[in-house]
There are 2 protein chains.
Amino acid sequence: MQDKRVENARERVIESISKNMDIYSVTPSVGRLYGAMFFEKDPMTLDEMKDKLQMSKTSMSTGVRTLIDLNMVDKVWRKGERKDLYEVKSDWYQTFTDFFCIHWRKGIEMNRDACKESIAELMKVMDEDLSKEEKMMAEADLDKMSYALGYYEWLNKVVDLFESRRIFDVIDKEDELK
Amino acid sequence: MQDKRVENARERVIESISKNMDIYSVTPSVGRLYGAMFFEKDPMTLDEMKDKLQMSKTSMSTGVRTLIDLNMVDKVWRKGERKDLYEVKSDWYQTFTDFFCIHWRKGIEMNRDACKESIAELMKVMDEDLSKEEKMMAEADLDKMSYALGYYEWLNKVVDLFESRRIFDVIDKEDELK
DNA sequence: TAGTTTGTACAGTTTTTTCTGTATGTACTG
DNA sequence: CAGTACATACAGAAAAAACTGTACAAACTA
């Protein structure tokens, strides 16, 4: 039988996922790969991916690597199978929190370190005799950096909230409601 | 006097901000522009920006536009000033939540709609007589889509948490602690 | 009104990213 | 051991994005 509707229904969702994977800073191609793997019953080989997406095997290799680095896909092992097998991680809640915790944390760390270093430097400079205006400038910059520091502390705690999974106390997972 | 240390301290932070603005899907150039505006005492004109960053005025124009679209910068008006003036929005907590709420919400909406449409389609197909395997495939896809839907509902509530500012009940702003 | 100043649309250039095919190293098979 | 299958490094091609200078429209000035 030739009912394309099942295929179409799946394809619609894959396409939508692909388009919206930009929140993970991923290209639509890699997004489509993710979507395809998500719906596949069994773990996929690179060759299956390339047939499915009509792209080069090299692209599949780098695409899968990208998704693994993002903690979105696992390499799985199966007895008697020579090819590498890959499947999408099944816990989307974890995938989501992993991604943002890692990226936010990195940004926070770097910016906070820069602020701290610069604040220390400015404090030192303030003790010496500077021109009136330079002193005021240093003062103003110190204020800005302190504000930034406060914000980064807050954001760090937000990341803690997700990383510690306490977020699930605040917002219940849907599938646990039944 | 020629003490470069104040300038260096500022530059270090600008550079760090610039590097980490990728979490907002913004290029380092636009990030540097944002950093420069952040430290400027007064609202800046496009010409001041171009002098500061040594880039074309066109780039400043499009860069500022980008930042305005992201709700990170405001155009401000000042009596007797012909040039347009721009300044960084002062509430970083708001900037942060705005950005992620807008982007996440968009992704959620689109994916949820796609899922709902496809689920309806598959339900309809299930009633008709299909081959055994096609029925199983539809069934499996329905499960996946239901899972996705549940996840999107959860994420929607997370966005609500930020958008409603209830997040600040869960995680206090640092500057309110004193 | 004519003459400036200012912001941006647009076209072209440079840079970066994505994608492909070939080549190579590794790990299996017999 | 040779022979095969596989993943990926690498180089080059294609596509996309960032950036610039010019041109022009709108808003202001006198």
Side-chain angles (χ1 to χ4, degrees), chain A residues 14-15 17-37 40 42-70 72-87 103, chain B residues 14-15 17-37 40 42-70 72-87 103:
Chain A
I14 291 178
E15 206 49 41
I17 288 174
S18 160
K19 277 197 188 109
N20 291 297
M21 289 271 286
D22 58 347
I23 68 168
Y24 294 111
S25 313
V26 144
T27 62
S29 290
V30 176
R32 204 167 306 111
L33 176 58
Y34 181 85
M37 288 176 69
E40 207 63 25
D42 299 306
M44 289 180 91
T45 66
L46 294 178
D47 287 306
E48 285 166 351
M49 296 175 201
K50 103 169 196 263
D51 292 342
K52 191 97 185 176
L53 305 197
Q54 310 263 51
M55 288 179 73
S56 71
K57 196 173 175 182
T58 304
S59 289
M60 298 302 94
S61 179
T62 57
V64 155
R65 163 76 55 120
T66 302
L67 291 169
I68 286 177
D69 290 346
L70 292 174
M72 291 178 171
V73 159
D74 279 330
K75 187 187 235 177
V76 302
W77 182 84
R78 182 180 291 166
K79 197 165 87 176
E81 173 63 70
R82 289 186 56 180
K83 305 189 182 189
D84 291 352
L85 294 167
Y86 304 93
E87 70 183 357
H103 283 252
Chain B
I14 291 178
E15 206 50 40
I17 288 174
S18 161
K19 277 197 189 107
N20 291 296
M21 289 272 285
D22 59 347
I23 68 168
Y24 293 112
S25 313
V26 144
T27 62
S29 290
V30 176
R32 206 167 305 113
L33 176 58
Y34 180 84
M37 289 175 69
E40 208 62 24
D42 299 305
M44 289 181 91
T45 66
L46 293 178
D47 286 307
E48 286 167 350
M49 296 175 200
K50 105 170 195 265
D51 291 342
K52 192 97 187 174
L53 304 197
Q54 310 264 49
M55 288 179 73
S56 72
K57 198 173 174 180
T58 304
S59 289
M60 298 303 95
S61 180
T62 56
V64 156
R65 164 76 56 121
T66 303
L67 291 169
I68 286 177
D69 290 347
L70 293 174
M72 291 179 172
V73 159
D74 279 332
K75 186 188 237 178
V76 301
W77 182 85
R78 181 179 292 167
K79 196 164 89 177
E81 174 61 72
R82 289 185 58 180
K83 304 188 183 190
D84 292 352
L85 294 168
Y86 304 93
E87 71 182 357
H103 283 252

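Chain identifiers are assigned alphabetically (A, B, ...) following the order of the sequence lines, protein sequences preceding nucleic acid strands; residue numbering begins at 1 within each chain.
- Note that CZ of Arg65(A) and NZ of Lys75(A) are 8.0 Å apart. Values are rounded to the nearest 0.5 Å.
- Note on Ser56(B): every side-chain N or O is 4.0 Å or more away from OP1 and OP2 of dG21(D).
- At a threshold of 4.0 angstrom between heavy atoms, the contacts of Thr62(B) with the nucleic acid are absent.
- Nucleotide dT8(C) holds its C1' atom 15 Å from the NZ atom of Lys83(B), rounded to whole Å.
- OP1 and OP2 of dC19(D) both lie 4.0 Å or more from every side-chain N or O belonging to Ser59(B).
- As a whole-Å value, the separation of Leu33(B) CG from dC19(D) C1' is 14 Å.
- Of the candidates dA27(C), dT8(D), dG7(C), dA27(C) carries the atom nearest the Arg82(A) side chain, counting heavy atoms from C-beta on.
- Distance check: Glu81(A) CD to Asp42(A) CG gives 10.5 Å after rounding to the nearest 0.5 Å.
- The nearest whole Å value for the distance from the CG atom in Asp69(B) to the P atom in dT8(C) is 11 Å.
- Rounded to an integer number of Å, the gap from CD of Glu48(B) to C1' of dT6(C) is 14 Å.
- Taken from OG in Ser56(B) to CG in Leu46(B), the straight-line distance is 10.5 Å, to the nearest 0.5 Å.
- Residue Thr45(A) is out of contact with every strand shown, counting any heavy-atom pair closer than 4.0 Å.
- In terms of polar N and O atoms assigned as donor or acceptor, the side chain of Thr58(B) comes within less than 3.5 Å of the base of dG21(D) in a complementary pairing.
- Put simply, CZ on Arg32(A) is 13 Å from C1' on dC19(C), counting in whole angstrom units.
- Rounded to whole angstrom, the span from the CD atom of Glu81(B) across to the C1' atom of dT6(C) amounts to 11 Å.
- Distances were taken from every side-chain heavy atom of Thr27(A) (C-beta onward) to each of dT8(D), dG21(D), dC19(C); the shortest belongs to dC19(C).
- Of the residues listed (Lys57(B), Met60(B), Glu40(B)), the one engaging Met49(B) in a side-chain contact (heavy atoms from CB on, under 4.5 Å) is Met60(B), and it is the only one.
- When rounded to the nearest whole Å, the span between CG of Leu53(B) and P of dT20(D) equals 10 Å.
- By the 4.5 Å heavy-atom criterion applied to side chains, Leu33(A) and Val64(A) are counted as neighbours.
- Between Asp84(A) atom CG and dT26(C) atom P the separation is 16 Å, expressed in whole Å.
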